[in-house]
Protein chains: 2
Amino acid sequence: MKNQLRTLRQARGWTQQDLGTRLAVSRQAVIALESERHDPSLDLAYRIASLFGVPVEEIFENPHR
Amino acid sequence: MKNQLRTLRQARGWTQQDLGTRLAVSRQAVIALESERHDPSLDLAYRIASLFGVPVEEIFENPHR
DNA sequence: ACCGAATGTCAGGTCAACCTGACATTTCTC
DNA sequence: GAGAAATGTCAGGTTGACCTGACATTCGGT
């Protein structure tokens, strides 16, 4: 699923480890999300959206319409 | 995670099987979601939101912030 | 009260989304 | 160019979100 995670992280000047810590996930999980090998759980998607202060749909593109 | 799935389904007059078919998931998956034993994947959450025509956050309550 | 439809539950399986730890490669800074 | 930091990759493990199939219970219509 296409997403804006790397863009948002870099805009904050955070490392992948920084982001992982703030989201309470591993660095490898951040890599997998940024490289679009994993979709986040809904709960993690909500944590990400809250952290960046934008709606989930602005970070993870809804592939259904 | 608290959600409005049962309310929305019943408002449409659909059975759990009807909803499962429209979402391409099993009837048992619908039961698990309605009874809040499972959170949906982000992709399924998007399918649900698109089916009912409302934002994801209106169906599944964001527990963060 | 009966019957069928709807709902709920249980057992057992698969797979993707997480995890840790280790190592390789790339990029930044001096 | 050397060292450190950041990024990427791999192996192997756990768990929850799905699956099917079977059976039990509850509800609605006649």
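Just so you know, these numbers use all the heavy atoms, side chains as well, and skip hydrogens, waters and symmetry mates. So you know, we letter chains A, B, ... as the sequences are listed, proteins then strands, and number each from 1.
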Quick one: which of B/I31, B/V30, B/L33 gives a side-chain contact (heavy atoms from CB on, under 4.5 Å) with B/H38?
B/L33
Counting just side-chain N and O atoms, does B/R27 come under 4.0 Å of either OP1 or OP2 of D/dC18?
no
Upstream residue (5' side of DNA chain C) when B/D18 and B/R37 are each assigned their closest nucleotide:
B/D18
Phosphate oxygens OP1/OP2 of C/dG8: is one of them under 4.0 Å from a side-chain N or O of B/R6?
yes
Got a salt bridge between A/D18 and A/R22, using NZ or NE/NH1/NH2 to carboxylate O under 4.0 Å?
no
Assign A/S41 to base, sugar-phosphate, or nothing according to its heavy-atom contacts below 4.0 angstrom with the strands shown.
sugar-phosphate
Answer yes or no: does a side-chain N or O of B/S26 lie under 4.0 Å from OP1 or OP2 of D/dC19?
yes
Check ion pair A/E36-A/K2 (N to O, under 4.0 angstrom)
no
The side chain of B/H38 lies closest to which of these nucleotides: D/dT9, C/dC18, D/dC18?
D/dC18
With sugar-phosphate meaning primed atoms plus P, OP1 and OP2, does B/A45 contact a base, only sugar-phosphate, or nothing at under 4.0 Å between heavy atoms?
nothing
Between C/dG8, C/dC18, D/dC10, spot the one nearest the side chain of A/Q28, thanks.
D/dC10
Within the 4.0 Å heavy-atom criterion, would you say B/T15 contacts the bases, only the backbone, or no part of the nucleic acid?
sugar-phosphate
When you check the phosphate oxygens OP1 and OP2 of C/dT7, does a side-chain N or O of B/R9 lie under 4.0 Å from one of them?
yes
Counting heavy atoms from C-beta on, name the nucleotide in D/dA17, C/dG8, C/dA17 closest to the side chain of B/Q16.
C/dG8
Given C/dC19, D/dT9, D/dC18, the nucleotide with the shortest approach to the side chain of A/V25:
C/dC19
